[in-house]
Amino acid sequence: MCKTNRYTITAALPYANGPLHIGHMAGVYVPSDIFARYLRRKGKDVAFIGGSDEHGIPITIRAKNEGVTPQDIVDRYHENIKSTLENFGVTFDIYSRTTSAKHKEVAQNFFKTLYENGKFTEDVTEQYYDEEAKEFLADRYIRGECPKCQNPDAYGDQCEKCGSTLSPEELVNPRSVLSGNTPIRKETKNWYLPLDQYQDFLKEWIIDGHKNDWKSNVYGQVKSWLDDGLKPRAMTRDLNWGIPVPVDGAEGKVMYVWFDAPIGYISFTQEWAEKNGKDWKDYWQNEETKLVHFIGKDNIVFHCIIFPTMMKAHGDYIMPDNVPANEFLNLEDDKISTSRNWAVWAHEYLEDFPGQTDTLRYVLAANMPENKDNNFTWKDFQTKNNSELVGILGNFINRVMVLSHKYYQGIVPAKTMEFEEVAQIKGFATRIGEHIEKYEFRAALTEYMNLARLGNQFLQAQEPWKKGDNPEEVKGIMNAATQIAVALGQLAEPFLPFASEKMLNMMNVDKIDWNMLESTDEFVAEGHQLEESELIFGKIEDEAVEAQINKLQESKTKNNMTNPNAEPQKELISFDDFQKMDIRIGTILEAKKVEKADKLFELKVDTGMDVRTIVSGIAEHFTLEEVVGKQAMVLANLAPRKIRGIESHGMLLFADKADGKLTFVNPEAETPNGVQVG
Ligand SMILES: Nc1ncnc2c1ncn2[C@@H]1O[C@H](COP(=O)(O)OP(=O)(O)OP(=O)(O)O)[C@@H](O)[C@H]1O
Ligand SMILES: [Zn+2]
């Protein structure tokens, strides 16, 4: 059914701001790898392209919080992610990164082409700006209340609670993530991709053209975007981390991360092609090539609307043939979250379950959130391993191996009889392939396991161990069982690559082409010598699963201790910065109201060094009587400033409670005035 011979397969570029978890694997990397491995076995010319997305605000925020550079962050996580993917058996032809020189060049050329051909519109708009940090606040640099669900911590580009796509102007009570301050609005020029001009093209291509072959979750999301009407979208940002915009008048601006990241698929293909003597254009600009993007649902708009529009505006590029986006995987009935450490980290799994990589690949493929969100639980993981991989597949392979060695020293006996089960194998190969080509990975895996079930039923029905008086029949049964076992070893590869290799080694056979698997009845010949038998899958004990559940419980306990509504931490300061502050205990001696200022008290404060005047904005929180005689913390060396004509020498410190009421922060034991706090 698949006539195309060349495929370009991309997998979403993970943000290099943290390690990979099972959601990433189930949503993107397991399905794309199954697809790529299958097509290679089918003899197709495949470029399976991946890499780290190293620009974008989550990276700069993480760097700021840790007090390191963005480059430090991406170097750390790029290596971590790359080796995790390798160890998971994800067979990228190249796994590169968007901070490479090659990528910068390709992305800048792409931008320039659009610019020179007049594909952008330019617009000067007011954007939020943090006066203290001196930075424009795009996307995740700004938070505030979601206008749709009132979540107080929505981002400037998205509300994670209700899933709405937002722009910073829509946030209620916006605040800067950098300083916590309320931002001002300031004019800046940006370059926009006029998506509205591509509305008709997108409608014709997707809505009219892919109603039947795209997944309904993807099609539905695209349709609702188009029904709402597309608007121009800024492709540049006033930030200092990213790829500089290569046009005059754009100094200090970088490309929007979702402009440069998908170009990564192209630049990485170029890097790979150069190293391997190929022509990259075959993979991106040849109508006979099928381009397929594997992503999670939050990336649909970028891969179905924005990136195709970029490619259309550029010209020469093919459109994706399909974007089989998955919904989300949850963990133990809760949303996977990096910040709440509610995740099973792929690299930790590899350490905790050595030699059992395929078990996780299997469970994630079986639970893949293909059409709706799905759930991973450790109990289900254990059951699927013990009763399906060990109990069905491993059991069948092991019985065949052990009996072959017992009866025939591991030499495959003659085919003395015909069995219908053997003739059925090629049908399984075909159906597995058809499901994979339709992005129905769960159904493909079920089909595969049904062949293992068939093998067990066959042995159970034929009972060769009871037929010692008919050696010719036993030979025939064992030949047939061995055909099924070898076919299982062959067909396992897309899903269970490590187990497949182990099975084929043990059976002493080479991998064969999938087309062959779909057409033959003989997977191994009479007289072939099998190697020694070994177990393919190990049981997962209760203790191992309990340890994992305890690990999650610890995260939950920790999360419950921290306040989800706490203000984000301010920018890091050095120890020297801190040392500069002179904070000490003082006592308020006198208090009076400041005329025509509802919020202010004029206070006389004994700081231990002197008695001084401090103007404080506490009149709405306390009465004059309440504050006189009270001790308070004083920031003594704050530069004096005039407030309502009164010179204030320092500042009193209060705790700013969530309900907006101030409260004094005082030493627990009696403390003389002038004692330093630090
Ligand atoms: N729980 C999940 N289930 C399925 N796919 C997911 C899940 N989490 C992330 N993905 C997908 O993995 C790909 C790479 O994710 P990316 O690095 O962009 O992280 P992310 O979406 O910010 O995730 P997180 O916030 O958990 O780090 C994206 O296509 C994303 O849709
Ligand atoms: Zn919301």
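Both counts, for ligands and for their atoms, begin at 1 and track the order of listing. Residue numbers start at 1 and run along the sequence shown. Everything numeric in this text was worked out from a predicted model, so none of it was measured. Worth knowing before you read on, the calculation uses all heavy atoms, side chains too, and leaves out hydrogens, waters and symmetry mates.
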Item to check | Sub-4.0 Å atoms of ligand 1 with respect to non-hydrogen atoms of Gly296 | outcome: 29 (O), 31 (O)
Checklist entry - What atoms in ligand 1 come closer than 4.0 Å to a heavy atom of Thr338? => result 24 (P), 26 (O), 27 (O)
Item to check | Glu271/Lys275 salt bridge by N-O under 4.0 Å criterion | outcome: yes
Next on the checklist: Less than 4.0 angstrom from a charged side-chain N to a carboxylate O is my criterion; do Asp196 and Arg233 meet it?
Outcome noted: no
Checklist entry - Cut-off 3.5 Å, side chains only: do Lys215 and Asn326 have a donor facing an acceptor? => result yes
Checklist entry - Is it the case that Gln71 and Thr69 place a side-chain donor and acceptor less than 3.5 Å from each other? => result no
Item to check | Backbone or side-chain N or O of Pro369 under 3.5 Å from ligand 1 N or O | outcome: no
Next on the checklist: So for Asn326, does at least one of its heavy atoms come nearer than 4.0 angstrom to any atom of ligand 1?
Outcome noted: no
Checklist entry - Do any N/O atoms on Gly23 end up under 3.5 angstrom from N/O atoms on ligand 1? => result yes
Next on the checklist: Considering non-hydrogen atoms of the protein only, which is the closest contact for atom 30 (C) of ligand 1, and what is the distance?
Outcome noted: Asp298 OD1, 3.4 Å
Item to check | Where Lys384 and Ala366 come nearest, the two heavy atoms and their spacing | outcome: CE-CB, 3.8 Å
Item to check | Asp260 and His103: CA distance, side-chain angles, deciding distance, side-chain hydrogen bond (donor to acceptor under 3.5 Å, both in side chains) verdict | outcome: CA-CA 9 Å; Asp260 99 69; His103 175 68; 2.8 Å; yes
Next on the checklist: Heavy-atom pairs closer than 4.0 Å: do any link ligand 1 to the side chain of Lys335, the backbone, both, or neither?
Outcome noted: neither
Next on the checklist: Please list the nearest protein heavy atom to atom 26 (O) of ligand 1 with its residue and the distance rounded to 0.1 Å.
Outcome noted: His21 NE2, 2.8 Å
Item to check | Apex the Zn ion (ligand 2); atoms Cys162 SG and Cys146 SG; angle rounded to 10 degrees | outcome: 110°
